[in-house]
Student: 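This is the structure, below, for whatever I ask next.
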There are 2 protein chains.
Amino acid sequence: MKQLNERMGLAKTEMFTDEQNKISLFAKVFGHPARVAILQYLFKLDSCICGDLVNEIGLAQPTISQHLKELKQLGLIKGNVEGTSVCYCINKDNWSNMKDIMIEFLDQDISNTDCC
Amino acid sequence: MKQLNERMGLAKTEMFTDEQNKISLFAKVFGHPARVAILQYLFKLDSCICGDLVNEIGLAQPTISQHLKELKQLGLIKGNVEGTSVCYCINKDNWSNMKDIMIEFLDQDISNTDCC
DNA sequence: TTGTTTCATTGCAATATTACGATATAAAAA
DNA sequence: TTTTTATATCGTAATATTGCAATGAAACAA
């Protein structure tokens, strides 16, 4: 049966606030363990990743490259070409901005909620 | 062409730590603006949602019901049957637990990172 | 020049997610 | 009892995501 809006599988972003869409976009990029692992590895190193990510995480090189691309598109990491390799690191300003938005959402006061 | 692992489209959770999988599961549930909107509405009300969610958010009743189910399955909300309607509210303990895990991930110290 | 190394992109298969009409269920109201 | 109200579930269509082999591109090495 033909559906009306032909947008199934696609979030109806136009009916939500910019903030709600922004939160969900950030959350979505953290919604895969490989991307969480990449970021945690970056934090652990305290510097750039230059190559060894494919060995560190057990996924194929194109798959890692794709996850890096998504993190980069959201601005959470940046990559610098160094010869044949590329060094990725956290984009501090954008990470900080994302953190503020996400923590504001997560850290709401629920002490007064009176529930059934 | 037949693939080897027959798991494409499915995250390979077994190769990640429990923490990484847990973070990504929480993040995934926030990865849709409708679920963010539901939670924000719950916070704003400071009490239960009994019904008016379908009017509040512009999605069909089965769609809202499905989003509520996902939030409930992760334990972030709980529902109490009250006559013909169901009242949903934040599950304080589980929300607090999730918050700690997510904020620990987001709030890592990046002041010392030395990048290219 | 001809490899070699490193990473990105393309193409595609498999699975997941989203949305909603139709229908089921269960309690309240008439 | 019958009807109404509120929510859940089923089935299914459309789109998104994930993963990787094959290939491309760009810098380096020999």
Side-chain angles (χ1 to χ4, degrees), chain A residues 1-16 21 24-25 27-38 48-74 77-88, chain B residues 1-16 21 24-25 27-38 48-74 77-88:
Chain A
M1 184 189 300
K2 186 80 169 185
Q3 299 294 313
L4 291 175
N5 72 2
E6 313 198 9
R7 285 171 65 87
M8 287 133 305
L10 179 56
K12 293 180 155 184
T13 56
E14 71 279 355
M15 56 172 50
F16 301 104
N21 285 316
S24 66
L25 281 178
K28 194 184 267 183
V29 89
F30 300 137
H32 193 289
R35 294 189 288 265
V36 172
I38 288 170
C48 308
I49 305 175
C50 297
D52 47 8
L53 213 40
V54 175
N55 300 320
E56 190 68 20
I57 302 173
L59 290 170
Q61 180 268 323
T63 309
I64 297 290
S65 188
Q66 188 177 309
H67 285 307
L68 287 168
K69 189 180 179 182
E70 286 172 65
L71 290 167
K72 197 175 169 187
Q73 276 174 341
L74 260 189
I77 64 174
K78 53 186 173 184
N80 281 59
V81 177
E82 307 236 331
T84 54
S85 68
V86 179
C87 291
Y88 284 101
Chain B
M1 184 191 301
K2 186 79 169 185
Q3 300 293 315
L4 290 175
N5 73 359
E6 312 198 8
R7 286 170 64 87
M8 289 135 303
L10 179 55
K12 294 180 152 184
T13 55
E14 70 279 356
M15 56 172 49
F16 301 103
N21 285 316
S24 66
L25 282 178
K28 194 183 267 184
V29 88
F30 299 138
H32 194 290
R35 292 189 291 264
V36 172
I38 288 170
C48 307
I49 304 175
C50 296
D52 46 8
L53 212 40
V54 175
N55 300 320
E56 189 68 19
I57 302 174
L59 290 170
Q61 179 268 324
T63 309
I64 297 289
S65 187
Q66 190 176 307
H67 285 306
L68 287 168
K69 190 181 180 183
E70 287 171 64
L71 289 166
K72 197 174 168 187
Q73 276 174 340
L74 261 188
I77 65 173
K78 55 186 173 182
N80 281 59
V81 178
E82 306 236 331
T84 54
S85 66
V86 179
C87 291
Y88 284 101

Student: Starting at atom CD of E82(A), determine the distance to atom C1' of dC28(D), rounded to an integer number of angstrom.
Tutor: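 Atom CD in E82(A) sits about 14 Å away from atom C1' in dC28(D).
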Student: With Q73(B), which residues qualify under side-chain hydrogen bond (donor to acceptor under 3.5 Å, both in side chains), at least two apart?
Tutor: none
Student: Between M15(B) (CE) and dT18(D) (P), how many Å, whole number?
Tutor: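 That distance rounds to 14 Å.
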Student: In whole angstroms, how far is the C1' atom of dT18(D) from the CD1 atom of I38(A)?
Tutor: 13 Å
Student: I'd like to compare against my own output: the B/S/- annotation of nucleotides 4-11 of chain C with a strict under-4.0 Å heavy-atom distance to protein.
Tutor: -BBBBB--
Student: May I ask you to verify if any side-chain N or O of K28(A) is less than 4.0 angstrom from the OP1 or OP2 atom of dT17(C)?
Tutor: no
Student: Measure CD/Q73(B) against P/dA16(C) and give the value in whole Å, please.
Tutor: 14 Å
Student: Roughly, in whole Å, what's the span from CG in L71(B) to P in dT17(C)?
Tutor: 14 Å
Student: Any side-chain N or O of H67(B) less than 4.0 Å from the OP1 or OP2 oxygen of dA19(C)?
Tutor: yes
Student: Check A34(B) against L59(B) and note the closest heavy-atom contact, atom names and distance.
Tutor: CB-CD1, 3.7 Å
Student: Measure CG/L53(B) against P/dT5(D) and give the value in whole Å, please.
Tutor: 20 Å
Student: I'd like to check the side-chain hydrogen bond (donor to acceptor under 3.5 Å, both in side chains) partners of E70(A); sequence neighbours left out, ordered by chain and number.
Tutor: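 Partners of E70(A) by the side-chain hydrogen bond (donor to acceptor under 3.5 Å, both in side chains) criterion, ordered by chain and then number, come out as R35(A).
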Student: Rounding to a whole Å, what distance do you find between H32(A):NE2 and dA16(D):C1'?
Tutor: 13 Å
Student: Do V86(B) and N80(B) come close enough that some side-chain heavy atom pair is under 4.5 Å?
Tutor: no
Student: Which pair of heavy atoms, one from L25(A) and one from L74(A), lies closest together, and at what distance?
Tutor: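 Closest heavy-atom pair between L25(A) and L74(A): O-CD1, 3.6 Å.
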Student: Using atom CD of E70(B) as one end and atom C1' of dT7(D) as the other, report the distance to the nearest whole Å.
Tutor: 16 Å
Student: Y88(A) and G79(A): which non-hydrogen atoms are nearest, and at how many Å?
Tutor: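 The answer is CD2-CA, 3.6 Å.
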